[in-house]
Amino acid sequence: MSPTVGVIGGGQLARMMVPPAVALGIELRVFAETHGASAALAATTVGDYRDAPAVLAFAEEVDVVTFDHEHVPQAVLAALVDRGVAVRPGPHALAFAQDKLAMRKRLTELAVPVPEWAAVASITDLEAFISEHGGSAVLKTPRGGYDGKGVRVVRDATEAVDWFERADSTGGGPILAEELVPFRRELSQVLARRASGETVLWPVVESIQRDGVCVETIAPAPDSAARLAGVAADIALTIAERLDVTGVLAVELFHTTDDRLLVNELAMRPHNSGHWTIDGSTTSQFEQHLRAILDLPLGATGCRDPWSVMVNVLGGPASGRLSDRYPTAFADQPTVKFHSYDKESRPGRKVGHVTAGGDDLEETVFRARAAAAFLED
Ligand code: ADP
C-alpha cells in the first residue's frame, strides 16, 4: 500500500508537492481553508485548521501529517500527537517557526548569530532600545506575519503606539525589536532532514526582496566563497539538529556589510527560496520534503545548470488567468520553465514563478525576468 501524506493548508506549497507524490505513488491529501484552493487538484477536505476535531478526523485517514504553512495552533498539534499521529515537523520544532520571539531566544541560547534583539513591552522599553541601537529599530509581531506583513521600521517609539495599544487590547505579549541590520544582501540556506537524522543541503542562494516579498532568487548565490557557503551550511545544520526539524528547513540570512551572516527567519516547510530546485536540482525541495517526512533516503541535491534563476510572478491590477498569456510567453522563452499556482490574480499576490537555467548568469537572469514579465500585468 502506498503511504498517504496529509498536508494542512491548500496553498501553492501543497500544490507543488503533488507532482512528486504522483511520480512516487504517494497519496497526497490536503486540508484546505476553502474550495478551489491552489492545491485542490489533490483530494481535498475543506475546514478550519484551528478546529481540532476537524483536523483530527482528517489526520485519521493519513500516515503522516505535514504543513503548507506554520499557523496551526500548538493546541491542535498537541491533540494530533496525543492521538498518535505522526506530525512532521513536530510541534516542538514548529514552535520556533511560529513565534519570532521564541526563535530569537532559542537561537541566542544556541549561539547562532542573529541581529541584536529585545522583547519590548512598552513605549519606554522601545525608546531605550532605539537609543541603544543607532536611532532605529525593526519591530515585528512575534506571530502570524508573512511576506513583510507585521514588520515595521521605526525611528521613534511613538510610531509604534498603535501596535502597543493593539497588544494591550488583545492581551498580546511583548513585541520583537531588532537592530536595523546593515546588510549587503539576503541569502537563504535550504536543507532537508529525515526523521532519523540524515540531512542534505542545496547550495546557499541569494534572494532579492521587494517590499518584504521575495521577487527573485539566484542559485547558487553569486560570489559565495567556500567560507561563506560553509558558514551558511553550518548555521542551518545546527538549527536543524538542535531544534530537531524534520522535512525541509529554510534559513533566511542577512549577509552584512561587514561580511557576517545573521539568521533572520526560519521556515519549516518548502520555501520560496527553494522553488528553483524543481527545475534546477536533481531532487526538488517538494520531493525531498515527502522523502524526509516519510523517513526515506534523501535524493541528491546537485545543480542541473551552473546558474538557476527563479523569478516570482506577482498579480497585478488586471484580472485574468496566467494561461491567457502562455501563447506569447512560451513563444518568446522556450527554454524557461513556467509554473502557475492557479490562483486568482490580486495585486502583489504570488500567482506563479518561472525558472531559467544557464551557463552565463547575466543572460540567465535576463531570460527569467523576460519570461516573468510576459505573465505580469
Ligand atoms: P516576514 O516573516 O513577514 O517575511 P521578515 O522578518 O522576513 O518578515 O522581514 C521581511 C523583510 O524585512 C526581510 O526580508 C528584510 O528585507 C527586512 N528586514 C527584516 N528584519 C530586518 C532587520 N532586522 N534589519 C534590516 N532589515 C530587516
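Note that the coordinates shown come from a computational prediction; the quantities given were computed from them, not determined experimentally. Note that ligands are numbered from 1 as they come in the structure, with each ligand's atoms numbered from 1 the same way.
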Over all atoms of both residues, closest heavy-atom pair of Leu228 and His255: CD1-NE2, 3.7 Å
Results of side chain to side chain contact (heavy atoms under 4.5 Å, CB included) for Asp332 - residues two or more places apart only: Phe374
List ligand 1 atoms under 4.0 Å from Glu186, heavy atoms only on the residue side. 13 (C), 14 (O), 15 (C), 16 (O)
Could you see if Leu290 belongs to whatever hydrophobic cluster contains Val190? Use Ile, Leu, Val, Met, Phe, Trp, Tyr and a side-chain cutoff under 4.5 Å. no
With a 3.5 Å distance limit and no angle check, can you tell me whether Arg152 reaches the backbone of Glu159 through a side-chain donor-acceptor pair? yes
Can you check ring-ring contact (aromatic ring centres under 6.0 Å, His included) on Phe31 and Tyr49, steps first, answer last? CA-CA 8 Å; Phe31 187 88; Tyr49 57 79; 8.1 Å; no
So, His271 versus Glu252: side-chain donor-acceptor pair below 3.5 Å or not? yes
What atoms of ligand 1 come within less than 4.0 Å of a heavy atom belonging to Gln209? 14 (O)
Proximal candidate to atom 12 (O) of ligand 1 [heavy atom criterion; set Val151, Thr141, Leu180]: Val151
By number and element, which atoms of ligand 1 are closer than 4.0 Å to a non-hydrogen atom of Glu265? 2 (O), 6 (O), 7 (O)
Heavy-atom contacts with Lys140 under 4.0 Å: which atoms of ligand 1 show up? List them by number with element. 6 (O), 19 (C), 20 (N)
Output the list of atoms in ligand 1 that are nearer than 4.0 Å to some heavy atom of Phe183, sorted by atom number. 16 (O), 25 (C), 26 (N)
Where the closest heavy atom to atom 7 (O) of ligand 1 is concerned, which of Asn264, Leu262, Val181 has it? Asn264
Taking 4.0 angstrom as the limit and counting only heavy atoms of Glu179, give me the atoms of ligand 1 inside it, by number and element. 22 (C), 23 (N), 24 (N)
